[in-house]
Participant: 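This structure is in structure tokens; I'll ask about it shortly.
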Amino acid sequence: MKKKLIYTSLMAALISLPSQAEITFNGFASIVAGTTTSSSDSLYGYNDNIDFKEGSLFALQASSDLGEGLGVTVQIASKGADDWEPEFKWAFLSYDATDELRILAGRQRAPFYMYSDFLDVSYAYPWITPPTGVYDLAFDTYDGLSAIYTTSFNEVDASFHAIYGRTTDKINAFGNEITPDVGNLTGLSSTFTYNWLTLRASYFIADTTLPFSDLEALAQGWQQAGFEDVANNTRISEDSSSFLELGFQVNYDAIIIVGEYTNLEIDNSPLPEEDSYYVMAGYQFDNILVHVTYGVDDNVSDIYTSDIPYGLHPDIDYLKGTTEGFLYSQETEEEYVTVGLRYDFHDSAAFKLEYTDFSNKNNSNNDAGLVRAALVTVF
Amino acid sequence: MKFFLKTAPLLAGLLSFSVFADVAVIVNPSNNSELSKSDISKIFLGKSKTFSNGESVVAVNLKSNSATRDSFQKEVLGKSKSQVKAYWSKLIFTGKGKPLKEFNNDKEVIAFIASTPNAIGYVDSSQVDGSVKVVN
């Protein structure tokens, strides 16, 4: 009898399962075509051959509500730039502790920037992609924990997003594929919205290891020559790093104005301190949004070998020359203007067209003009 | 008097237009929560998940090709069709929100709300019957 009872309740549980474990599918896609305006130009992965792959992407998301505040979300994105190799962008369990507090565990986006959370969802913002000069951290996803607290103070909506985790996803930099280790990634982003104004600030710290073989070879050379400090500076190993973002957004009737400033610093490393910002202004005419963006990206290197004179030894001269060559090559003073439009021609799709004029004050050979057109959709 | 007769319907028309045109926001008759326009807006933007009486909210939409949905979104949420879609894609693709349930027509919305105590929706005001309560 007892057995029968257990059996029946088990059956009941099983029968009720399908309705609870209902899975919702959503997706989004961008098909982007781009070309530079002159044969010698290249920018953001484009050259003067019309390309349809570099900026294109498809993503599919599955989510399920498990009940009692527990949910699971998985998002897989496949990008042309990665040869369409699918990647898990999000894969987490969420727990809604209260209406205001949500805890996420697993793989998720780090809220570095204003548009981080939905970085690939072009449908959700004006541009084809947010300005590359600012949105240029080598990674955007991490594995770990986060807590999102959403509340309101009178008429002000506030949201706080705290994270802790690590990322070891392979990246491509300086022509090498490396496995970085960005550990103890800790940070907080806060967003305040009052009526037509949104203000945002975020700050993150981490211990960064980027094992570039060329830099490691240089570091070993300095070490053998007895310059331990210089060797440590040349190596990017567990270097404390900080990232700051400040942003604002104005949505006033048909007017939209957005600005973001970021600062990235990796202490005791040969990588430059990066200061970047952009300001965008747009106007919505019925179903067409016209926008213009101006941005600046300044990278300044600390020339930590400047105290070492030439002439000590040919090997040291070589090390100094090579190291400083690398440090100076990292310095940039870039400026860009993007003019574009977004045309909402369909309920779930938009057409976007953009022209970017890019200039590098340190090296005018890098100046470029880029035209991009995109179809973006959510489904 | 003649003047008054002429202006009264005009005024009434203007007044109701400044509220929600011909859209009626409806809840289950058992729901006695106070709902301001801003409360309704927060519910349909996924910002607010409970009624003032503490019950959790089930908000429902008409299909996206509905003219009633268009005017509801314009007047109550203050957003165009594509702005609302863009807003919700942010919530959906960050796992912060689930799309609201959608119904094909006013009748289906009314039937759902009449049978679901914590539901809220909107329909063309001419379609409202006694099985639901209008809150605006």
Side-chain angles (χ1 to χ4, degrees), chain A residues 24 26-28 59 61 63-65 71-75 77 89-94 96 98-100 102 104 106 108-109 111 115-126 148 150 152 155 157 159 193 251 253-254 284 286-287 289 342-350 376-379, chain B residues 33 36-75 77-102 104 116 118:
Chain A
T24 314
N26 294 97
F28 54 91
Q61 173 171 303
S63 55
S64 184
D65 194 345
V72 60
T73 302
V74 176
Q75 191 186 103
K89 291 292 180 186
W90 299 86
F92 63 79
L93 272 171
S94 59
D96 293 317
T98 67
D99 270 353
E100 299 188 320
R102 154 169 262 229
L104 303 185
Q108 48 196 298
R109 274 278 155 80
Y115 297 99
S116 281
D117 281 355
F118 42 95
L119 199 55
D120 294 325
V121 192
S122 187
Y123 187 87
Y125 45 76
I148 304 168
T150 317
S152 49
E155 293 295 291
D157 289 335
S159 166
T193 304
N251 287 293
D253 286 337
Q284 183 86 47
D286 198 27
N287 50 11
L289 172 73
R342 172 196 172 122
Y343 170 41
D344 285 290
F345 68 95
H346 183 275
D347 265 9
S348 307
V376 304
T377 177
V378 288
F379 50 90
Chain B
S33 295
S36 68
K37 185 175 164 181
S38 125
D39 293 335
I40 296 167
S41 167
K42 279 183 176 168
I43 287 172
F44 281 88
L45 291 175
K47 289 179 184 173
S48 157
K49 289 158 197 145
T50 45
F51 284 117
S52 61
N53 63 11
E55 286 290 318
S56 67
V57 181
V58 180
V60 300
N61 260 330
L62 283 162
K63 282 267 187 252
S64 69
N65 57 7
S66 138
T68 309
R69 176 164 168 179
D70 263 9
S71 33
F72 170 77
Q73 293 181 156
K74 274 203 190 84
E75 285 149 35
L77 311 184
K79 289 181 194 290
S80 73
K81 206 183 235 186
S82 58
Q83 280 172 328
V84 174
K85 188 105 184 174
Y87 176 90
W88 271 97
S89 23
K90 292 175 196 177
L91 297 185
I92 292 165
F93 294 116
T94 52
K96 283 177 186 156
K98 272 191 306 183
L100 302 182
K101 209 184 225 327
E102 287 185 354
N104 288 318
T116 315
N118 55 345

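Throughout, a chain's letter reflects where its sequence line sits, starting with A, and its residues are numbered from 1.
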Participant: Check whether A:Asn251 gets within reach of chain B through its side chain, its backbone, both or neither, counting any heavy atom under 4.5 Å.
Facilitator: neither
Participant: Looking only at non-hydrogen atoms, find the nearest pair between B:Lys96 and A:Arg102 and report the distance.
Facilitator: CA-NH1, 3.6 Å
Participant: With respect to chain B, which residue among A:Thr24, A:Val121, A:Asn26, A:Thr73 yields the maximal number of heavy-atom pairs within a distance under 4.5 Å?
Facilitator: A:Asn26
Participant: Is the shortest side-chain heavy-atom distance between A:Val378 and B:Phe93 below 4.5 Å?
Facilitator: yes
Participant: With a 4.0 Å cut-off, would you call A:Asp117 and B:Lys90 a salt bridge?
Facilitator: no
Participant: Given a strict heavy-atom distance threshold of 4.5 Å, which part of B:Ser80 is in contact with chain A: side chain, backbone, both, or neither?
Facilitator: neither
Participant: With a 3.5 Å distance limit and no angle check, can you tell me whether A:Gln61 reaches the backbone of B:Ile92 through a side-chain donor-acceptor pair?
Facilitator: yes
Participant: Do the non-hydrogen side-chain atoms of A:Phe118 and B:Leu91 ever get within less than 4.5 Å of each other?
Facilitator: no
Participant: Are side-chain N/O atoms of A:Ser63 and B:Lys98 paired as donor and acceptor at under 3.5 Å?
Facilitator: no
Participant: Quick check on A:Tyr125 against chain B: is it the side chain, the backbone, both or neither that has a heavy atom closer than 4.5 Å?
Facilitator: neither
Participant: Going from NE2 on A:His346 to OG on B:Ser82, what distance comes out if it is rounded to the nearest 0.5 angstrom?
Facilitator: 12.5 Å
Participant: Is it the case that more than 12 heavy atoms not belonging to B:Lys63 sit under 6.0 Å from its NZ atom?
Facilitator: yes
Participant: So, taking the atom named CG in A:Asp99 and the one named OG1 in B:Thr50, what distance separates them when rounded to the nearest 0.5 Å?
Facilitator: 5.0 Å
Participant: Measuring from B:Lys85:NZ to A:Thr377:OG1, what's the distance to the nearest 0.5 Å?
Facilitator: 7.5 Å
Participant: Counting only non-hydrogen atoms closer than 4.5 Å, does A:Ser348 touch chain B with its backbone (N, CA, C, O), its side chain (CB onward), both, or neither?
Facilitator: both
Participant: Checking heavy atoms, do the side chain of A:Leu104, its backbone, both or neither come under 4.5 Å from chain B?
Facilitator: neither
Participant: So do the side chains of A:Asp157 and B:Lys47 get within less than 4.5 Å of each other, counting heavy atoms only?
Facilitator: yes
